[in-house]
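The structure under discussion appears below in the form of structure tokens.
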Amino acid sequence: MPELPEVEVVRRGLERWVAGRTVTEVEVLHPRAVRRHPAGGADFAARLKGQRFGVARRRGKYLWLPLAETGTSVLGHLGMSGQLLVQPEDAADEKHLRIRIRFAASDSDSVRGAAGTELRFVDQRTFGGLSLHDQTPDGLPDVIGHIARDPLDPEFDDAAFHSALRLRRTTVKRALLDQSLISGVGNIYADEALWRSRLHYDRPTATLTRPRSAELLGHVRDVMNAALEVGGTSFDSLYVNVNGESGYFDRSLDAYGREDEPCHRCGTPMRRRAWMNRSSYFCPRCQRPPRAGA
Ligand SMILES: [Zn+2]
């Protein structure tokens, strides 16, 4: 799945190319792409027509386009392979084009350079899609109202995060992936931040001091910002695009996927362990497992 930095780059692209534009027509080309909109594709299209998009927002890996006047939002699920593309209207349809959104021609006055373009949702594996939702008082689509702020959110509360870690009987990697505590940290960035912090994934959170949890949060932010810098360089083109092949930017990794390769810090071969239906990669020397009963 795309991780937070990829989703943020898509959000910036939507902000640049779609905000302020008025929908004139929506074509739903595959019913699975609107399956989270229970009233169906025709209803989805009818309710969007004539609406103006506000500035795209994101929380964690969730991305949405507020409709400027109605208190509703279009929530985008990228799934495994979903892409949101801004394309010239006369560009050939992508093989896996699922939804097309056309805009009023007069919008070209307000969105520089966007004349003659449309928004396309393309998704090979159809795990993703678009759906329309009412907003919570905070302006979130109601279905994601329970999702915690992500670590790049200026209003993320570091002190509250630390307190929650101390109170919960959980382990540090579980906590990083717990969307009710902190959102947007996927398996890759969790392993990278834990490696930088020299923390084993099974470390009980109750044993983390405030400086240790602050250091961990700092590394989470660093690995995400580094990825944003890489991916952010390509966003200011016409194409709002998440790599459809892998869903990821090219990135240099210190932990994830490096089983048996030397630790970049101490040279010890990295290890992989099965962990909650996924894998955890770690250095057995830099990231010591917690002692039994610790
Ligand atoms: Zn090491």
Side-chain angles (χ1 to χ4, degrees), residues 1-9 60-61 148 150-152 156 158-159 161-179 181-233 243 246-294:
M1 287 181 72
E3 300 257 352
L4 184 153
E6 287 86 353
V7 178
E8 171 59 15
V9 168
K61 300 183 211 172
D150 61 68
L152 300 188
F156 185 88
D158 290 22
F161 178 70
H162 175 72
S163 302
L165 287 187
R166 293 298 299 247
L167 287 170
R168 293 213 187 181
R169 292 177 181 277
T170 188
T171 49
V172 64
K173 188 169 172 183
R174 280 176 190 259
L176 286 177
L177 297 184
D178 182 341
Q179 302 284 299
L181 270 181
I182 182 171
S183 66
V185 185
N187 201 40
I188 294 176
Y189 292 113
D191 280 4
E192 293 298 305
L194 289 167
W195 181 85
R196 291 184 181 206
S197 304
R198 303 178 191 231
L199 285 171
H200 189 275
Y201 56 90
D202 263 345
R203 172 86 171 253
T205 56
T207 67
L208 289 180
T209 61
R210 188 177 289 268
R212 288 293 267 158
S213 70
E215 186 190 350
L216 175 61
L217 266 181
H219 286 308
V220 167
R221 290 178 174 128
D222 285 349
V223 293
M224 286 183 171
N225 281 320
L228 258 178
E229 275 175 32
V230 172
T233 57
N243 180 341
S246 66
Y248 297 119
F249 299 140
D250 292 332
R251 51 168 78 96
S252 57
L253 299 173
D254 290 309
Y256 189 84
R258 300 197 62 244
E259 185 178 19
D260 295 330
E261 293 175 42
C263 171
H264 285 156
R265 202 161 34 213
C266 74
T268 305
M270 300 286 290
R271 287 196 188 148
R272 179 176 68 85
R273 289 280 179 277
W275 184 85
M276 290 181 70
N277 299 321
R278 307 178 222 212
S279 293
S280 277
Y281 296 88
F282 66 106
C283 169
R285 185 166 175 206
C286 298
Q287 298 166 268
R288 302 270 186 187
R291 283 162 294 154

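It should be emphasised that the depicted structure is a prediction, and the values quoted were computed from it without experimental measurement. In each ligand, atom 1 is the first atom listed, and ligand 1 is the first ligand listed.
Between Phe156 and Phe161, the ring-plane angle classifies as tilted under the 30° and 60° cut-offs.
Evaluation of the side-chain contact (heavy atoms from CB on, under 4.5 Å) rule for Ser280 yields Lys173, Asp191, Tyr201, Trp275 as partners, not counting sequence neighbours.
Here the straight-line distance linking atom CD of Glu8 with atom CG of Leu228 works out to 6.0 Å at 0.5 Å rounding.
For the Zn ion (ligand 1), the count of nearby protein N/O/S atoms, taking only those under 2.8 Å, is 4.
Counting heavy atoms from C-beta outward, Cys263 and Trp195 have side chains that approach closer than 4.5 Å.
Screening residues 261-286 for salt bridge (charged side-chain N to carboxylate O under 4.0 Å, His left out), with sequence neighbours left out, gives Arg258-Glu261, Glu259-Arg272.
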Using atom types as modelled, flag every donor-acceptor pair under 3.5 Å from a side chain in residues 211-226 to any protein atom, sequence neighbours excluded.
residue	atom	partner	partner atom	Å
Arg212	NH1	Ser197	O	3.0
Arg212	NH1	Glu215	OE1	3.0
Arg212	NH2	Ser197	O	3.3
Ser213	OG	His162	ND1	2.6
Ser213	OG	Arg210	O	3.2
Arg221	NE	Pro151	O	2.7
Arg221	NH1	Asp158	OD2	3.1
Arg221	NH2	Pro151	O	3.4
Arg221	NH2	Asp158	OD1	2.9
Asn225	ND2	Arg221	O	3.1

